[in-house]
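Note that this is a predicted model, so its numbers are computed, not measured. Positions are given from 1 along the sequence.
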Amino acid sequence: MIRSGKTCLNEQATLLNRLMAIKEELLTALMSFLKHDPLILGVGTPLRTDDSFGLVACDFLNSMGIECVKCEYGVESCLTDINDKRPKALLIIDAVLVRGIPPGSIIMADESAIASGEILVTTHNIPLKTLLEILRKEYGVEKIMIVGATPFSLDYGLDLTSDMMRSLEYFINVFKQAFLSTKRDMKEESA
């Protein structure tokens with residue numbers, strides 16, 4: 001299922017309103033998924049403005065001490081990292097195109113959305129459905145979640161658009177909150 005804060009997704013809704021509408025759902029979904037200790041991948045194309053969403057997110061996470069592997073041009077460029085680490089879960093951060101969802105919206109997609117084709121593309125080389133099959137069969141990945149934002153622009157350029165940067169900053173703040181809460185909860189459970 002794709003979740004995107006649909007309660008506030010009309011064209012008149014401001015970017016901030018759309019982001020606020022999904023905050024609790026995003027926080028809950030991330031906290032639940034982070035319990036699986038996923039390998040976090042930041043995916044993107046550095047030369048196509050908002051398509052670098054996952055790469056820039058990865059830089060932010062790494063600067064906060066949260067391990068994130070940068071996968072320029074697609075997950076397929078990080079198969080060696082996936083093979084070496086053999087994670088049971090992958091959290092993929094990327095720019096995603098989804099029918100009917102306004103630019104800047106934060107998207108969470110589970111395996112059923114990926115398999116059903118609800119996500120049109122992630123703007124990279126291997127179709128998501130095929131990639132999912134490869135990751136399961138060849139690398140033993142059991143759970144996959146894609147979190148990202150719908151791009152405002154895929155023009156050539158080195159920087160995110162200012163609106164996409166706002167979506168990214170919002171996502172990073174929610175991710176940090178989810179990460180710290182999950183880490184604290186897991187520490188309390190092991191004590």
Problem - Close side-chain approach of I146 and M108, heavy atoms under 4.5 Å - result: no
Practice task
Give a yes or no answer on whether the side chain of T150 reaches the backbone of G104 with a donor-acceptor pair at less than 3.5 Å.
Solution key: yes
Practice task
Look only at the side chain of S105 and the backbone of P102, and say whether a donor-acceptor pair between them is shorter than 3.5 Å.
Solution key: yes
Practice task
Without swapping roles, check the side chain of N83 against the backbone of L79 for a donor-acceptor pair under 3.5 Å.
Solution key: no
Handout entry: Approximate separation, where rounding is to 0.5 Å, of E189 CD and T182 OG1
Key = 10.0 Å
Handout entry: Any donor-acceptor pair under 3.5 Å from S77 side chain to G74 backbone
Key = yes
Exercise for the section: Test T161 against D50 for side-chain hydrogen bond (donor to acceptor under 3.5 Å, both in side chains), laying out the working first. Expected result: CA-CA 6 Å; T161 60; D50 292 347; 3.0 Å; yes
Exercise for the section: Report yes if the side chains of D51 and P151 come closer than 4.5 Å at any heavy-atom pair, otherwise no. Expected result: no
Problem - For C58 against K70, the heavy-atom pair lying closest together - result: SG-CG, 3.4 Å
Fill in the blank from the handout: Rounding to 0.5 Å, atoms CG (L55) and CZ (F60) come to a distance of 12.5 Å
Problem - Where L160 and F53 come nearest, the two heavy atoms and their spacing - result: CD2-N, 3.7 Å
Exercise for the section: Compare every heavy atom of C68 with every heavy atom of G42, then report the nearest pair and how far apart it is. Expected result: N-SG, 3.6 Å
Exercise for the section: Return yes if a side-chain donor-acceptor contact under 3.5 Å exists between D155 and T49, otherwise no. Expected result: no
Practice task
Give the C-alpha distance, both sets of side-chain angles, the deciding distance and a yes or no for salt bridge (Lys or Arg N to Asp or Glu O under 4.0 Å) between K143 and D110.
Solution key: CA-CA 8 Å; K143 294 186 172 293; D110 60 17; over 6 Å; no
Handout entry: Gap between atom CE of M186 and atom CG of L34 - 0.5 Å precision
Key = 9.0 Å
Exercise for the section: For L154 and R48, work out which heavy atoms get closest and say how close. Expected result: O-NE, 3.1 Å
Exercise for the section: Using a strict 4.0 Å threshold on nitrogen-to-oxygen distance, state whether E67 and K85 make a salt bridge. Expected result: yes
Practice task
Look at the aromatic rings of F179 and F175 and report parallel, tilted or perpendicular, splitting at 30° and 60°.
Solution key: parallel
